[in-house]
Amino acid sequence: MQLKINGQNREFDHQLSISGLLQQLQLAPERVVIELNTKILTAEAHETLLNDGDTLEIIQFVGGG
Amino acid sequence: MSFEQQLQQYPQQEIHELVRNATPQRIEQALHRPRLSMEDFAALLSPQLTDDQLEAMANRAHKITKQRFGRTILLYAPLYLSNECHNGCKYCGFSADNHLPRKTLSLDEVEREAKLLRDQGFRHMLLLTGEAPEAAGIDYLETAIKTMKHHCGSVSIEVFPMDTNGYKRMVDAGVDGLTLYQETYDPDLYRQLHPYGPKSDYSYRLAAPERAGEAGMRRIGVGALLGLGDCLTDVFYTGLHALYLARKFWRTQVTISFPRMRPAEGGYQPNSIVSDRQLTQFICALRLLIPDAGLILSTRESSELRDNLLPLGITQMSAGSCTAPGGYGDDDHESEQFAISDERSPAEMEALLRARGYDPVWKDWDSAFLNEAS
Amino acid sequence: MDKLVIAGREFNSRLMVGTGKFASNQAMVDAMENSGSEIVTVALRRVDIDSPEDSLLSHIDPNRYLLLPNTSGARDAEEAIRLARLARAAGCEPWVKLEVTPDPYYLLPDPVETLKAAEVLVKEGFIVLPYMPADPVLARHLEEAGTATVMPLGAPIGTNRGIRTRDLISIIIEQSGVPVVVDAGLGAPSHAAEAMEMGADAVLVNTALADTPDPAAMGRAFKKGVEAGREAYLAGLGPQRDKAEASSPLTGFLRD
């Protein structure tokens, strides 16, 4: 399965859910927010299964004024 | 939030005490504040204000007015269209309870009166009626404005409150200013003083300036009839009302008038007589609260007092006024609303203003500026 | 000190701090703690999926600070709206510091796009605090659109040049019905004090705290500057006297 994450193409051996993906990337789910195919996901949607060709944006808080 | 909702956040008893009990120290503090809070404003209305503090406040008011308006005074004239009225306002010469000749000007008379005022130099005219829709309602006003508008640059109205659509019709007819006094902001006293007639609806009148703002009126004037009730709270609420309107309708200029009742006017004994000192204090405090507000002093006041108050914040004055319908052409003064005190002619006022270094302004607005065919 | 009230919520501190550009998270936490601030701004960025960093949020106690996400990076209304929605989806309260800065050199706010975004976000239930040019008419438009504050700039972001827009900010303060927060350009506690003396309701600083060898001490210094300015404003500054103009008292007629 191929996913486009934050502008980079990534290959995965098998289908993943959002939470599975976050685990694999070592990201804490409560600290990030995700856009799937330009739609913002709520925390409840983290069990959604991803499909080949999906585009994801994974966003987090950083310092800012 | 509507103004009536905002008003409820300032209970009368609390405000009265806030004003009355302000210490000289608290007043001093308010006097130095670059932007007044409503609590500061309350302090500046206090009877505890010392003569030195009044002088300091007058100096600040003078300075702000000069900075914002220069040395200019806009001259306007009232034009009474009708004294027919279904309201029973206890203090008013036009009250339905009073027996006086009732009259609504014919269109010829409207034209004649406007021309007389124009010949005296006036280009700002304020049209007044009572509240009698069948004689002088919105349709009548529209026709009257059409008849007289070519004589002046700016038409304002001081008539019965209308709904938003009524005000839109006025704006479309070429009216750019509204004056509407709440008379008193005390709802209980209001009910006693306006026992019957459409005016007995306190809330409808209170919200009328907001409706006029929504309709796009360019100037909106408020005021309380000083002497009807507790003048300290009424002036406080007038300031609150003006500030509310200035914030919400920031494209509109807000004006404030200071109609002061005199003893036994029209047989009605005022609750209290506002002294010259208090009136001076109120004018200066409102100038500090709203630096850009137009402040209006009519010919109700004596020539001497008007001259003295001139530098303290006043920006508009009437002159040579008559308060009876048709009074500029006829010599009939029996049917007037109230007696005026400053009887100087417009020409005398103009000369006096010039002598004191002020520029009398006869015209600062014309609807032609909007590229409308008139 | 008297409380700051924004959108019905009370704050004890009138100093907001940004969290950008600190040498370390510890330096940022030290500056925040010493500043006494209760509102801290944060930005949203893509995660670097190759080397995820320690999250900023693990250093900020949500019980102590209101997290105010900004929309920095947005070049137009649409991007700002998207960032605001993302922040809300991340579990933040619906507060947003709206920033639209298409110009990459001075990072000056775009008045047209800021107003557009504010109108949409207010309708979506956000509490909007817009960063804006010190333009009194724009302040009127934003207030009319329903923003919770206006945040005029003192000088371009990060310049530490103080209140270069003083006269315009004075007009905004005079006319505003919502709290006025002076944002950007404040480089010294005296600048913050000046804003507060003028009657601003609050200030926001970031670079001045981040770009110093001792952020903790600078946080304390700004706290004092803001408090001193506010206290002076409340006390009432003595008037600046110029030559008297009236040769006789203006109210002498009342005593004749």
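Each chain gets a letter, A, B and so on, in the order the sequences are listed, and its residues count up from 1.
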- Task: Look at A/Gly65, A/Gly64, A/Gly63, A/Gly7 and state which one has the largest set of heavy-atom pairs under 4.5 Å with chain C.
- Result: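 Heavy-atom pairs under 4.5 Å are most numerous for A/Gly64.
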
Enclosure of [X] [atom1] (heavy-atom neighbours >12, cutoff 6.0 Å):
X        : atom1 : result
C/Arg161 : CZ    : no
A/Phe12  : CZ    : yes
A/Glu30  : CD    : yes

If you define the side chain from C-beta out and look only at heavy atoms, does anything of [X] sit under 4.5 Å from [Y]?
X       : Y       : answer
C/Ile49 : A/Arg10 : yes
A/Val62 : C/Leu44 : no
C/Arg46 : A/Ile58 : no
A/Glu35 : C/Arg85 : no

- Message: Using a 3.5 Å distance criterion without hydrogens, assess whether the side chain of A/Asn6 forms a donor-acceptor pair with backbone atoms of C/Val47.
- Response: yes

Counting heavy-atom pairs under 4.5 Å with chain A, which one of [options] comes out on top?
options                    : answer
C/Glu99, C/Arg82, C/Met16  : C/Arg82
C/Asn70, C/Val205, C/Leu68 : C/Asn70
C/Ala89, C/Pro69, C/Ser58  : C/Ser58

